K.L.:
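Okay, here's the structure, questions in a sec.
Scope of the values below: all heavy atoms of this structure, side chains included, with no hydrogens, waters or symmetry mates. In what follows, chains carry the letters A, B, and so on, assigned in the order in which the sequence lines appear, proteins first and then strands, with residues in each chain numbered from 1. Source: prediction; values computed, not measured.
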Amino acid sequence: MSAFTTEDRRLLADSINRYVDEAYGPEHRAAILKSDDGFSRSDWATYAALGWLGIAIGEEQGGSGGGLAELAVLMRAAGRGLLMEPLLPTLVLAAGALSGGGNAQQQAQWLPAIAEGRAILTLAQDDAASDETPVIASPTEGGYRLNGRRGFVLYGAAADQIIVKVELAGQVALFLVSPTAPGVTLAHASTVDDRPVSDLWLDDVAVAATDRLPGGDASLLANLNEAAALAVCAEAVGAMEAANRLTLDYLKTRTQFGSSIGSFQVMQHRMVDMSLAMQEASAITWAAIGAVTSGNPDAALLTAAAKARSSAAARLVGEQSIQLHGGIGMTEEYAIGHYYRRLMLLETLFGAAGWHLDRLGGWTAAGLDGERG
Amino acid sequence: MSAFTTEDRRLLADSINRYVDEAYGPEHRAAILKSDDGFSRSDWATYAALGWLGIAIGEEQGGSGGGLAELAVLMRAAGRGLLMEPLLPTLVLAAGALSGGGNAQQQAQWLPAIAEGRAILTLAQDDAASDETPVIASPTEGGYRLNGRRGFVLYGAAADQIIVKVELAGQVALFLVSPTAPGVTLAHASTVDDRPVSDLWLDDVAVAATDRLPGGDASLLANLNEAAALAVCAEAVGAMEAANRLTLDYLKTRTQFGSSIGSFQVMQHRMVDMSLAMQEASAITWAAIGAVTSGNPDAALLTAAAKARSSAAARLVGEQSIQLHGGIGMTEEYAIGHYYRRLMLLETLFGAAGWHLDRLGGWTAAGLDGERG
Amino acid sequence: MLGIDLMRDPAIQAFRGDVRRFCETALPGDIRAKVLAGQHLEKQDYVRWQKILFDKGWIVGHWPRQYGGQDWTPLQRAIFDDETSKAGAPWLTPFGVCYAGPVIYTFGSPAQKDRFLPGIRSTDTWWCQGYSEPGAGSDLANIKTRAVRDGDHYVVNGQKTWTTMAQWADMMFTLVRTSSDGKPQNGISFLLIDMNSPGVTVRPIQSIDKCHHLNEVFLDDVRVPADNLVGEEGRGWTYAKFLLNNERLLGAEVGKSTRLLQQLRQTLLDIQNGGQALADDPHWRRRLGELRARLLALEAVCNEYLAAAEAGSTPGLEVSALKIMGSELIQGLTGAMVDALAVKGLVYQTPALDAGWQAAPVGLPQAPGMIREHLHDRATTIYGGTNEIQRNILAKAVLGL
Amino acid sequence: MLGIDLMRDPAIQAFRGDVRRFCETALPGDIRAKVLAGQHLEKQDYVRWQKILFDKGWIVGHWPRQYGGQDWTPLQRAIFDDETSKAGAPWLTPFGVCYAGPVIYTFGSPAQKDRFLPGIRSTDTWWCQGYSEPGAGSDLANIKTRAVRDGDHYVVNGQKTWTTMAQWADMMFTLVRTSSDGKPQNGISFLLIDMNSPGVTVRPIQSIDKCHHLNEVFLDDVRVPADNLVGEEGRGWTYAKFLLNNERLLGAEVGKSTRLLQQLRQTLLDIQNGGQALADDPHWRRRLGELRARLLALEAVCNEYLAAAEAGSTPGLEVSALKIMGSELIQGLTGAMVDALAVKGLVYQTPALDAGWQAAPVGLPQAPGMIREHLHDRATTIYGGTNEIQRNILAKAVLGL
């Protein structure tokens, strides 16, 4: 159960949104995009100071004991303000893996460090570039050797530790790996929405048995990925809210052929559809988060529906935001293209629409009941 | 090669369209729908007299030696006027089977009779209600016994002969079966667009060896079904042209909120999309017919594309025709609902869009070249 | 409170369970079978079910207690609608209990309440709605039917259309024009007309599903007692809008879509093609998932509105969203059904729509009911203000465009 | 003659074969590789290829012979465009050979023809198009850049935007306002501006694909010789429309879509997911089929227009259909590419867009070029009149609404 009340969450949202509006404007963000890190360590320190980084970390580890609902509030604001910081990999994935699967020593070492902004962690899981070559852990004296490759490691360049999903005797296991360990190679690039991302090679990397997360099994990972999918939905909802707001403002102010372009019925209906899509994505996302948080048996169904619908909405809102802006929407200087590219990425993270729909279709074919109380 | 020139085809189209406009109006059609036959034997006689029924039958059999292109001209007009007569089963399927697979005696017996309007034939092929129970032909002395069931036999109630697809020693064969033969049972109903249709049961039906179409094999049937798919596309194009015309007229004349509803931009763009869909379906249908007629190696590709695109267009045009009409579009008295229901059926005949797209996708995955000269 | 939390509130769950169990035991099997098969319901089928609900005290559960209701909240009403629809109950014909009744108890005179409410509650009086006219579909301000005061009567002339079930109706509530001055909306009054009055002619309209739900109603010098005017002359538009607001929260028809999804699922399991059930085809599976996702999302949107209503806020024009999403989902579901049937040919055997019909089906036995539903439901994006008009409303009232 | 018959005409097939074979041998491999990888092309890449075409006599094949062309029919021109696009040739930058050239040889003075046409043919002069302005995207009648006559010069002040490749341009043809009287269209003139003139400032616009194709062009007291006015003052709008008509038959970009489909197909074969190529996934197969069907249908529509043009009819505004269908197909194709890449994560490694770049790719090697194409092609439904405007045109001019 979350330590937060509904009112707490509202205050949290207000405070993050205020930060985004006042301190994370376009110029600030443009400077971050040009920086080597690709995100802002000073903003990260501020988030820590404001308590956001510990929002879903237990109080005994220096956090404030929230959970997915509070992370979602944060992610929604991150979408709204197009924040560049590693909230998803560090707070949702890595802290989630440690909270759910780490031992006391691992938690004590890393969770306070995350909450205080002293450590950035990420998770390298299903290989993004070649699922034919998983990372294999082979036992050695007192530890293991890791070999293999993982792609699409978000914020790999900044990570103090990388939690790597490996195959150990045919089972899933998670290991803490230092990026500076011998045998670790990282190659860096950016995602389509400008986030740092890396490919990771592990070549006979020696890890100790104590680097293994004892609870890091397939079921933990499934839960993490469900939570991450919803965090991404929440971020998409925030980005759609902002994109719709920008587009609506543009429709009201831009004139062409002697009228505001928002006076054209086709533009009006398009904007209505964008608004409905966002509304639907928001409702199902929050319903799914509520279900996960309260242990509702519908949680998996609702999560799949949330990711599928918010992905569909993200596509519609992203594409039509550009279209309704016309030429100005194609420029890097204007914000709407950044929302578009962020929505492009969010659509695909933790399962694109089709993947979730196929699961949902399979469950539905098997039976409609059982998900209601 | 067709005995028709382009000019011949134009004249044919003009003459059929004139007939449709002048002699096949809504009241005439309403009376036909109320009749027991569900189509008009007197119109059928007129079509024979005007030479339309023999349009694709060889000159030596009393026809005028045309082919698929001429049939398509006829079918397009049939779609335009929502003709109720059994053009598709008799002219395209049955006459096609006889011309391509019948022996001289069978051709002499039935093709002139079709051309002169004296015989209505239909084809009972892949079982429409249960592909688990094919019709099996078992050899007897001097002939065969047929057992099994076929569904969705168009105009079965009016057929003088039914050409039945059977399985004979594991191969496809076609037999002429009289509906009055002992062991034949037919149950009659209507399609969604009011065409007569039947289920056919064959219970130890005795047929002679001479009732078999010697050339009636799987390859003939595949060609027939390709031709029929394009005939259906042509009919759909005609129905879309008429539905679009009716809808456009309605948009121009109906006023609401003080303006013609066609002055609303959303209605305008919808109508544009309906018009584009029709234009696209028409172009690809005629391209495919040209390719089939000239033996172009792209014929199968173009046919699949034609049926897929015209099915998609039929759905858009049909649904939006009703929507743009509003309440009046929901009434049986007004023609647009009849176009909608006809388009619903045509969409599904000889492969709905998905079936053709899957084939086209498979061919495309296998290679893009080879279909161009 | 989030909608999903609200739905798991024990009191709410208990109410839902009560309705569900009641439907299981009290809904006559023959009526349920007709509904699920998409067969014709007779007037008596509707009346029988509505009287069962009346006996239970639920037919007007959403009315205030002083008028015989249960003071249900919007959420309770939505749950009632949801569960009865899913159970295969007939459509709760709204003309009396949802439309005429609330207008009468809100704006009518004490005499009107005494005279009309009992028959509405018991379904002894069948009502129909006289709004639409040939020249005014979604544009109600353009109403032309005139009511001219003549002593203690109004003399009404004009024509109404799309009048659902008028052939069974004892009474019709109408919007009529009593003045041509000022804004068109201001000359409209709300008048109750006895369908047995001289000068009332009902002409059936067959719809594209080959069924008869709709009618034209001709009004030729119909003399209507002035006592049948509800509220004030010229305020009919206001009352009609009040009524619309009342109904908007049910616009999504989640219960109906749930029933359709159940039927689609069963159909996909039942129809075999190429040796496998359609439900095992990857394309059908994804499409089923897509429809399920849309339904879950629509429920989530509804629950947010209901949670807000439960917290005391009155829904505004933004609720047009529910009409748009709900009607488009219904069409998505019936379209999928028809596509599933099409694998075996679209046979529309209309005699099979009569419950007494006994002959063997031609084609798939599910086809007639599903095709009928599909054809009928083309109207869901038209009636009650087309979806184009709903989008205009949202653009203007919610987005400020 | 049906389009498909026309396409199988031996002379037409021979011409297509000539172009295809020429591309196979004459198109430099390094340029082709850059195009197919979606990498940046330098000005010199374009110039090199255009000079190869010039040497062959094909760069202005669609021009009349008297101006150095080949009198190609619209069909020949379409085939040329189709085959060069499919072969992976660079975009034939149209500003000189398709836009400025035809206006000059049609409406220009003999001196203008002598002065400008040779440089256009040889690509020794690089042209850009100064139409759009910040306040006038698709609404060209609203142009505000003013040209005021001052002796034998015009003094031009204003701002152009979305000016593709202006950073490389020697000359810009512009629409400028020379009068504010009467209808806005009637005050517009067609003026040729030397980009090296004092007062011309080019400011790059980075687009959402992180590339620099577009520019703003500021014109501050730029003195332009009156000799650079094409045709008559106030007739610029007419010349611009002539030019649009000229280009409409190529609006479908069939060749480009064919190339994109080839690339998509290869990508689906190359990307493995869950142990199988995407091309073997039923959903991808259907989607590939759908895109193929749309491409075949678009070709059929184009061929009908080309057959009509070949038979002597001048296409009218109905050709907006080609722009709509073509641009939406391109977006369908690039969208599918990105969805295919997304299985492995959307890494957009922009340094890999430089041909000289050598490091190992992060993520899929196809990703940078395809993501770039996708982002860039969001503009296909915007430039040249948005698709909304194209639909307005069709509604008005073709449907009479």
K.L.:
Measuring heavy-atom distances to chain B, does C/Leu346 have an atom under 4.5 Å in its side chain, in its backbone, in both, or in neither?
P.N.:
both

K.L.:
Could you look at C/Asp339 and say if it's the side chain, the backbone, both or neither that has a heavy atom under 4.5 Å from chain B?
P.N.:
side chain

K.L.:
Does the side-chain hydrogen bond (donor to acceptor under 3.5 Å, both in side chains) test come out yes or no for C/Asp377 and C/Gln331, once each step is laid out?
P.N.:
CA-CA 6 Å; C/Asp377 289 349; C/Gln331 292 185 347; over 6 Å; no

K.L.:
Under 4.5 Å heavy-atom distance to chain C, tell me which part of B/Val192 shows up: side chain, backbone, both or neither.
P.N.:
both

K.L.:
Less than 4.5 Å to any heavy atom of chain C: does that hold for the side chain of B/His325, its backbone, both, or neither?
P.N.:
neither

K.L.:
Please determine if C/Glu253 and C/Lys323 form a salt bridge, counting it only when a charged side-chain N lies under 4.0 Å from a carboxylate O.
P.N.:
no

K.L.:
Is C/Glu373 salt-bridged to C/Lys256, cutoff N-O under 4.0 Å?
P.N.:
yes

K.L.:
Who among B/Leu349, B/Thr331, B/Ile336, B/Asp358 has the most heavy-atom pairs with chain C under 4.5 Å?
P.N.:
B/Thr331

K.L.:
Measure distances from B/Ala352 to the heavy atoms of chain C and classify the residue's part below 4.5 Å as side chain, backbone, both or neither.
P.N.:
neither

K.L.:
Tell me which of these, B/Thr255, B/Thr191, B/Thr348, has more heavy-atom pairs under 4.5 Å with chain C than the rest.
P.N.:
B/Thr191

K.L.:
Using only non-hydrogen atoms and a strict under-4.5 angstrom cutoff, which residues of residues 337-345 of chain B touch chain C?
P.N.:
B/Gly337, B/Tyr340, B/Arg341, B/Met344, B/Leu345

K.L.:
Do the non-hydrogen side-chain atoms of B/Gln323 and C/Thr386 ever get within less than 4.5 Å of each other?
P.N.:
yes

K.L.:
Taking every heavy-atom pair that is under 4.5 Å apart, which of C/Ile205, C/Asn387, C/Leu375 has the most such pairs with chain B?
P.N.:
C/Leu375

K.L.:
Is the closest basic N to carboxylate O distance between C/Glu216 and C/Lys160 below 4.0 Å?
P.N.:
no

K.L.:
Check whether any side-chain heavy atom of C/Leu268 lies under 4.5 Å from a side-chain heavy atom of C/Leu288, and answer yes or no.
P.N.:
yes

K.L.:
Please classify the contact of B/Ile328 with chain C as side chain, backbone, both or neither, using a heavy-atom distance under 4.5 Å.
P.N.:
both

K.L.:
Does any heavy atom of chain B fall under 4.5 Å from the side chain of C/His376, the backbone, both, or neither of them?
P.N.:
backbone

K.L.:
Between B/Asp199 and B/Arg150, is the salt bridge (charged side-chain N to carboxylate O under 4.0 Å, His left out) condition met? List the steps.
P.N.:
CA-CA 6 Å; B/Asp199 279 353; B/Arg150 291 268 175 240; over 6 Å; no

K.L.:
Checking salt bridge (charged side-chain N to carboxylate O under 4.0 Å, His left out) for the pair C/Arg391/C/Glu328: CA distance, chi angles, key distance, verdict?
P.N.:
CA-CA 13 Å; C/Arg391 285 185 166 85; C/Glu328 293 175 0; 3.1 Å; yes

K.L.:
Would you say that B/Ser260 contacts B/Lys252 through its side chain, given a criterion of any heavy-atom pair below 4.5 Å between the two side chains?
P.N.:
no

K.L.:
Using non-hydrogen atoms and a 4.5 Å limit, figure out which bit of C/Pro368 sits close to chain B: side chain, backbone, both or neither.
P.N.:
neither

K.L.:
Quick one: which residue pairs count as a side-chain hydrogen bond (donor to acceptor under 3.5 Å, both in side chains) with a foot in residues 360-372 of chain C, not counting sequence neighbours?
P.N.:
none

K.L.:
Are C/Phe173 and C/Tyr131 close enough that their ring centres sit under 6.0 Å apart?
P.N.:
yes

K.L.:
Using a strict threshold of under 4.0 Å (side-chain N to carboxylate O), is an ion pair present between C/Arg286 and C/Asp281?
P.N.:
no

K.L.:
Could you tell me which portion of B/Arg195 (side chain, backbone, both or neither) has an atom closer than 4.5 angstrom to a non-hydrogen atom of chain C?
P.N.:
neither

K.L.:
Thinking salt bridges, do C/Glu133 and C/Lys144 make one under a 4.0 Å N-O criterion?
P.N.:
no

K.L.:
Looking at chain B, which one of C/Thr161, C/Val338, C/Thr381 has the largest number of heavy-atom pairs inside 4.5 Å, strictly under?
P.N.:
C/Thr381

K.L.:
Does any part of the side chain of B/Thr122, heavy atoms only, come nearer than 4.5 Å to the side chain of B/Thr90, both counted from C-beta?
P.N.:
no

K.L.:
Examine whether an atom of C/Ala379 lies under 4.5 Å from a heavy atom of chain B, and if so say whether it belongs to the side chain, the backbone or both; otherwise answer neither.
P.N.:
both

K.L.:
Measure B/Asp194 against the heavy atoms of chain C and call it side chain, backbone, both or neither at under 4.5 Å.
P.N.:
side chain

K.L.:
Does any backbone or side-chain atom of C/Leu214 lie under 4.5 Å from a heavy atom of chain B? Answer side chain, backbone, both or neither.
P.N.:
neither

